[in-house]
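Only a predicted model underlies this, so the values are computations on that prediction, with no experimental measurement involved.
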Amino acid sequence: MSLFKSVATFGGLTLISRITGFLRDMVLANFLGAGAVADAFVVAFKLPNLFRSLFAEGAFTSAFVPLFSQKLVSDGRKKSLFFAAQAISLLILIVGLFVVLFEIFMPYVVDVLAPGFVDDEQKMALTVNLCRITFPFLLLISIVSFQGGILNSFEKFAAPATAPIILNLTIISAAFVLTPFLPSSAHAFACGITFAGVLEILWLRYFLHKLDVRIPLYIHFKKIAKNPEIKTLFKRIAPGVVGAGIYQINMAVDTILVSLVGTGAISWLYYANRLQQLPLGVVGAAISVALLPILSKALKAGDIVQARSTQDKAVEYGALLSFPAMVILIVMAHPIVTLLFEHGRFLQSDSTQTALAVVAYSIGLPCYVMTKALMPNFFARGDTVTPVKYSAVVFVVNLVFNLILMRWFGHVGIALATTIAAFVSLGQYIRGLYKRDYWKFSRALLLKLGKIAAISILTGLLLFGEMHGLTRAFPQIIGASKILLLFILGAVIASGAVFFLILAKIFGIIDFAEIVKMLRRR
């Protein structure tokens, strides 16, 4: 029930944040389209996020949350918060210096990150300018992620899950409020990103104070360096930094290669990735964030049975939500992209190219989500080295298939390479957990996953049949008004959801009575 409640809380609020994210992207598409200015902004938006996993949700949080959660169990609140104060102080120092260095050398950073821009001086200058505005967001979001990690350790998932909503709404507001006073809409969007980081810090600080959690900065860095717990933290961070670094290099390579494809390609992949990130963020991230502290505490208490049962549930929830999402995105990619983004400067040709990338990304969606569900099993045990090895393999696979597939399929080939790498990543985690006797698929779980995949395919066939019939009967449906298209897509997806739930009940995948019982108890 604890995992179900945590995933439901975090996932539900993340869903709202993703919806506001789509509103943000719709505003972006309307103001910027998918041309040179949009490409420049996307690079500026992605730059702080490239290092976000390194300093925020990735290496630091994955090492810090298990240690902090276990200290709450063994050492109590006061000592745990003192440890947290030392950790955040060191994090701010390191990330702050990193941000200053990048601000100074930003033209060279952009040269490396987007070599396809070099021949266009205006595009390059705009990208450098925007990157300098957005890059301080890295420091701000690192603090936000740290605050969120503390709240998650106290099993408070709602406030951290709402922080991205602030980002999305602030960017949207900045577009309308600041555009008249700045050189372009892209500058307004960039300012909105950095200002949102400040608002997110204040938002989570309020909820920490409600828990009577106050974490002052601790500037005695020599004492921090001598603390054995801080040394343990950084020993665990070190391989995580390498692993996150490999992942970020992977992302940077994707950006470098797609910048060579041509104008608009960066934007097409960005919008396609945003669609894929809806289920991945709502399901995958929710499970990963909720599972880590719960699994850490179960292992600390020596309750192996509970830990394995919780892991089973995490995989089951991931499959139950990701397989249907994959089917919907594959079958309905083009009308969904048309509905969300095709307005203003975003053209019909942009919708077609974006939809192709959506299909390529979506094939690997269940792999992404289940990998997110399995990864915390290593971090909860303090094993941050193994995920690094897996990341290195994934990097090589992704790079090789990028170079092969982009020659024939352009930006779609880059999306396909990412999907192939996701299959490899999941295979490594399954094998690694089984080999170490941390966890393995039970027969009951495998049977349930098989049923979920089967009824998802049947649901996909239903959706395909409905859309095919509608487009044949009404050829103008894709070009219909947005309200009519929204109604049609909503009706088709709703019918698919009802069909899926009926099959899930028939095949014993979902026990609605048990869910109602749990909600009533809650």
Side-chain angles (χ1 to χ4, degrees), residues 17-50 52 103 106-107 109-110 113-114 116-117 120-138 140-141 164-200 255 258-259 262-275 277 337-351 353-354 357 411 482:
S17 78
R18 296 296 175 179
I19 291 171
T20 59
F22 278 126
L23 293 176
R24 178 199 75 200
D25 291 334
M26 290 168 69
V27 173
L28 286 175
N30 186 68
F31 276 84
L32 304 180
V37 176
D39 286 353
F41 173 75
V42 169
V43 170
F45 194 11
K46 290 177 75 172
L47 182 59
N49 287 300
L50 283 174
R52 186 171 173 171
E103 289 287 337
M106 192 61 73
V109 174
V110 175
L113 191 62
F117 294 4
D120 189 334
E121 290 185 8
Q122 285 188 333
K123 191 174 182 180
M124 177 62 76
L126 176 62
T127 306
V128 171
N129 193 2
L130 295 177
C131 285
R132 281 182 165 149
I133 296 172
T134 61
F135 200 65
F137 180 70
L138 173 61
L140 301 174
I141 200 61
I165 299 173
I166 296 173
L167 171 65
N168 296 327
L169 295 179
T170 305
I171 293 174
I172 292 170
S173 302
F176 293 100
V177 175
L178 299 180
T179 295
F181 306 101
L182 295 173
S184 71
S185 299
H187 287 84
F189 287 128
C191 291
I193 290 169
T194 300
F195 183 60
V198 177
L199 295 179
E200 288 181 357
T255 303
V258 77
S259 77
T263 299
I266 287 180
S267 301
W268 298 330
L269 271 190
Y270 168 77
Y271 291 117
N273 187 255
R274 291 297 302 158
L275 269 175
Q277 286 294 323
V337 171
T338 300
L339 174 67
L340 293 176
F341 305 128
E342 194 179 303
H343 47 79
R345 297 186 179 182
F346 199 91
L347 307 176
Q348 186 177 358
S349 57
D350 296 322
S351 293
Q353 297 299 330
T354 302
H411 70 290
K482 298 294 183 183

Next item on the list: Report the distance from atom CG of L140 to atom CD1 of I193, rounding to the nearest 0.5 Å.
Entry: 11.5 Å
Check: With sequence neighbours left out, what residues match P164 under side chain to side chain contact (heavy atoms under 4.5 Å, CB included)?
Finding: S17
Next item on the list: Measure the CE-CG distance between M26 and L23 for me, rounded to the nearest 0.5 Å.
Entry: 6.5 Å
Note to self: Run the side chain to side chain contact (heavy atoms under 4.5 Å, CB included) test on L340 and D25 for me, step by step, so that the C-alpha distance in whole Å, both residues' side-chain angles and the decisive distance to 0.1 Å come before the verdict.
What the structure shows: CA-CA 8 Å; L340 293 176; D25 291 334; over 6 Å; no
Margin query: Looking at every heavy atom in both A114 and V43, which two are closest together, and how far apart are they?
Written below: CB-CG2, 4.4 Å
Next item on the list: Could you tell me if the ring centre of F137 sits under 6.0 Å from that of F45?
Entry: no
Margin query: Which residues pass the side chain to side chain contact (heavy atoms under 4.5 Å, CB included) test with S184, not counting sequence neighbours?
Written below: A186, H187
Next item on the list: State, to 0.1 Å, how close T179 and A188 come at their nearest heavy-atom pair, and which atoms those are.
Entry: OG1-CB, 3.5 Å
Next item on the list: With sequence neighbours left out, write down each residue that passes salt bridge (charged side-chain N to carboxylate O under 4.0 Å, His left out) with D39, or none if nothing qualifies.
Entry: K123
Notebook entry, point to check: For the atom pair CZ (F189) and CD1 (I172), what is the distance rounded to the nearest 0.5 Å?
Noted result: 8.5 Å
Notebook entry, point to check: What's the verdict on side chain to side chain contact (heavy atoms under 4.5 Å, CB included) for F41 and L28, showing C-alpha distance, side-chain angles and the deciding distance?
Noted result: CA-CA 10 Å; F41 173 75; L28 286 175; 3.6 Å; yes
Next item on the list: Apply side chain to side chain contact (heavy atoms under 4.5 Å, CB included) to F195 and L178, showing your working.
Entry: CA-CA 12 Å; F195 183 60; L178 299 180; over 6 Å; no
Next item on the list: Locate the shortest heavy-atom distance separating R274 from G21; write the atom from each residue and the value.
Entry: NH2-CA, 3.8 Å
Notebook entry, point to check: A190: what forms a side chain to side chain contact (heavy atoms under 4.5 Å, CB included) with it, not counting sequence neighbours?
Noted result: L130, I133, T134
Next item on the list: With rounding to the nearest 0.5 Å, note down the distance linking OG1 in T354 to OH in Y270.
Entry: 12.0 Å
Next item on the list: For the residue pair W268 and H411, categorise the inter-ring angle as parallel (less than 30°), tilted (30 to 60°) or perpendicular (more than 60°).
Entry: tilted
Checklist line | Listed partners of R24 passing salt bridge (charged side-chain N to carboxylate O under 4.0 Å, His left out), at least two apart | finding: none
Next item on the list: Using side chain to side chain contact (heavy atoms under 4.5 Å, CB included) as the criterion, list what pairs up with V109, not counting sequence neighbours.
Entry: L47, F102, M106
Check: Should the heavy atoms of other residues, nucleotides or ligands under 6.0 Å from CZ of F31 be counted, would the total exceed 12?
Finding: yes
Item checked: Pairwise distance CG(L199) to OG1(T170) - rounded to 0.5 angstrom -> 5.0 Å
Next item on the list: Quick one: closest heavy-atom pair of C191 and L182, and the distance?
Entry: SG-CD1, 4.1 Å
Check: Closest heavy-atom contact between S267 and V42?
Finding: OG-CG2, 4.4 Å
Margin query: Checking S351 against F346 for the side chain to side chain contact (heavy atoms under 4.5 Å, CB included) test, could you report, in this order, the C-alpha distance in whole Å, the side-chain angles of both residues, the deciding distance, and whether it holds?
Written below: CA-CA 8 Å; S351 293; F346 199 91; 3.6 Å; yes
Check: Going from CD1 on I141 to CG on L167, what distance comes out if it is rounded to the nearest 0.5 angstrom?
Finding: 7.0 Å
Note to self: Taking atom CD as the centre, does Q122 end up with more than 12 heavy-atom neighbours from other residues, nucleotides or ligands that are less than 6.0 angstrom away?
What the structure shows: no
